[in-house]
2 protein chains.
Amino acid sequence: MTEWHRLKKDALPANVTADDVAAAANVSRWTVNRAFKKDASISPKTREKVMQAANELGYLPDLRAAALASDRSHLVALLVDDFANPHKLVMLERLTRALRSRGWDTLLVNTLNRDDAAPAIANASQRRVDATILIGIQFDDEVLRAAHTARRFKKLIIFARTSENPDTISIAVDDEAATSEITQYVMERGYERPLYLAGPRTVSAHLKRKETFLALWQKHLNTTPESVSVPAYDANLAADAVTITLSERPKAELPDIIVCENDALALGTIDAIRHRLGLRVPNDIAVIGFDDVPQAESPNYRLTTYRQPLTDMANYLVDVLENVETSDLDRTFCGRLVVRDSA
Amino acid sequence: MTEWHRLKKDALPANVTADDVAAAANVSRWTVNRAFKKDASISPKTREKVMQAANELGYLPDLRAAALASDRSHLVALLVDDFANPHKLVMLERLTRALRSRGWDTLLVNTLNRDDAAPAIANASQRRVDATILIGIQFDDEVLRAAHTARRFKKLIIFARTSENPDTISIAVDDEAATSEITQYVMERGYERPLYLAGPRTVSAHLKRKETFLALWQKHLNTTPESVSVPAYDANLAADAVTITLSERPKAELPDIIVCENDALALGTIDAIRHRLGLRVPNDIAVIGFDDVPQAESPNYRLTTYRQPLTDMANYLVDVLENVETSDLDRTFCGRLVVRDSA
DNA sequence: AGTCATTTTGCACGCGCGTGCAACAAAAAA
DNA sequence: TTTTTTGTTGCACGCGCGTGCAAAATGACT
């Protein structure tokens, strides 16, 4: 505590600029900024001298001024419109870590209220972000349009979701390949009456999981499985939907597996099966998810699910940011099925 | 899709400045910026004229330049070092919403790796954030010191956690009052052998929950309850700790209630009681939490817990940001006990 | 029409750094 | 030593807006 006050009192003036450092180190201001710039043309001796003076004065370059002068902010806006899915927390962690480790900062923009989306995007563009990232949200055309028409718009990246929109860069797992792997697993394990539990359908960038699953099942077994949609990726809503759909149903007509569009739905489904329908997982009804959230490996879920390579995807995202090109940057990744006990 | 391309093609030049608008509206550049500034001295007619020209040109003020010139960025850094607790997602949502609704933007800084903390804080200070907010994290003295010595440091706010540090503003629930309410409830319901499950102990800003609970119990019943600490607020770690602590114990010596420092621990505890110890909640062992995360009301937890008034706290935080004062801004809030079925 | 109080508008200067080129110094080749 | 090559440093100008004050315009009141 005493140390605190010492530090506070000793604190150097807050407004140290490159000029001050330049004076102290006997060089020009430009040399000072060079010292802080990687790969700049400066001799090691001078850099050393400058850095020492900078340390003594407590100088660090002002990123606002740098952004203004260079027109590159090294800042991205991350739009999130869904805070109910714990997987978002994992994504935030991975993305912020990958970005920060390579010099990028993240503006977190809450677009949970659809009305907030357009103003929030406009605001981000006023900060002159170098890119706008939409993470796996249920954004619609309106949001995309707002993002696109915003001033100084540079890159619009859709993360963990595919979009066929040509003005957009999407970085996601290959839904068709993933769903195909899941479907094959379900068939091999001998499940016969699947129920597909999907999230909300969006226009601009929906997941191709449900369609792929239904199509594959139709193709191989010539029947179309039942499917149910939930208006949000929320475990409680999923539990409600499962309960309503199945509670009055005779045991013989129950599905033997519920394939969920993601883990949030899958976890709610397991809860409903156990606590509202009074059945067992996987014995009575199996469940399979998508994402591999941390809870999936909890001993009382042991959820079989598909894991996305989030770290790779996040790193690729930074590659995209640092790339000057604008086209053909879309890319899909492959994850893997993590088999546990729920299916 | 066609509309997209139209928009893209019609897009106005990205570098519209106030000068362009000024020329179009036949006023000076300063008048243009006045039109965008609330409470500025400008006549309604002129403002109208300017705004119309601005709309046509698609002009919005550049916040980088504004921040540089005014030395106020309306930007805060939000430091998070714990992405395992779903409650963080709720906090992020509440904070970003409150901030944005009043014109503030949020820089999300991941300090999960302790080594990243100091550089990340330095970086935020290079962006000249108006405040640094630590949200309920296990930050230690080192992080506080880094935040404090950073250049251009303005306000350091500790959210949802109390700190006795004088250079810090803390906005949190009153842990003592809350724990007192919880303790009273536990006693009234006739529980006799509580086990307190705590998270990691930190030096700078720890929760006063455990100490208060133990002290109150000691005071009223003259016995000190057993307590266990977990190295992180992680449901799986809590489940492990509970299992290790209780699995070999004769039934008569088991606690009749486990009081948890927060919901992340409580949820893990319930899982462990049910699935690893094979006991029932609350019949064999009751559980009580803290935070009221969304999952707490899920039908298969029905967790009795203490809800923090996050929205009020977030709004107060913005009040603090907009306040010029620096001292005596600390404040504690009162939440309420949400009684469900787990205790 | 003239005076004065009150808005409303214009402007010089500064915020701190990047860009690109010119000037300079140092090391390499002649 | 002189010339060339390479490496290093300095600088004019601009990025877009805020601050504070002075000039101009407006309106109220004789």
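Heavy atoms only: backbone and side chains are in, while hydrogens, waters and symmetry mates are out. Quick note on labels: first sequence line is chain A, next is B, and so on, each numbered from 1.
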With a 4.0 Å cut-off on heavy atoms, is B:Ser41 in touch with a base, just the backbone sugar-phosphate, or nothing at all? base

Please classify the nucleic acid contact of B:Ile42 as base, sugar-phosphate, or nothing, using heavy-atom distances under 4.0 Å. sugar-phosphate

Gap between atoms [atom1] and [atom2], on [X] and [N] respectively (whole Å):
X	N	atom1	atom2	answer
A:Leu60	C:dC17	CG	P	10 Å
B:Lys45	C:dT8	NZ	P	8 Å
B:Leu68	D:dT19	CG	P	12 Å
A:Leu63	C:dC17	CG	C1'	10 Å
B:Asn26	C:dT9	CG	P	13 Å

So does [X] get a side-chain nitrogen or oxygen closer than 4.0 Å to the phosphate oxygens (OP1/OP2) of [N]?
X	N	result
B:Thr46	C:dT9	yes
A:Ser28	D:dG10	yes
B:Thr31	C:dG10	yes
B:Ser43	C:dT9	yes
B:Ser70	C:dC15	no

If you take all heavy atoms of A:Val80 and A:Lys88, which pair is closest and at what distance? CG1-CD, 4.3 Å

Does the C:dT8 base have a donor-acceptor partner in the side chain of B:Trp30 within less than 3.5 Å? no

With a 3.5 Å cut-off and just heavy-atom distances, do the side chain of A:Arg29 and the base of C:dG18 make a donor-acceptor pair? yes

When you measure from the side chain of A:Arg47 to the backbone N and O of A:Ala35, does any donor-acceptor pair fall under 3.5 Å? yes

Donor-acceptor contact below 3.5 Å, side chain B:Asp130 vs main chain B:His74: yes

Can you identify which nucleotide, out of [options], has its nearest atom closest to the [X] side chain?
X	options	value
A:Asn33	C:dG18, C:dG16, D:dG18	C:dG18
A:Ala65	D:dC17, D:dA12, C:dC17	C:dC17
B:Ala69	C:dC15, D:dT19, C:dG18	C:dC15
B:Lys37	D:dT19, C:dG16, C:dG10	D:dT19

So which of A:Ile169, A:Thr168, A:Thr132 actually passes side chain to side chain contact (heavy atoms under 4.5 Å, CB included) with A:Lys155? A:Ile169

Short N-O contact, A:Asp62 and B:Arg128, less than 4.0 angstrom: yes

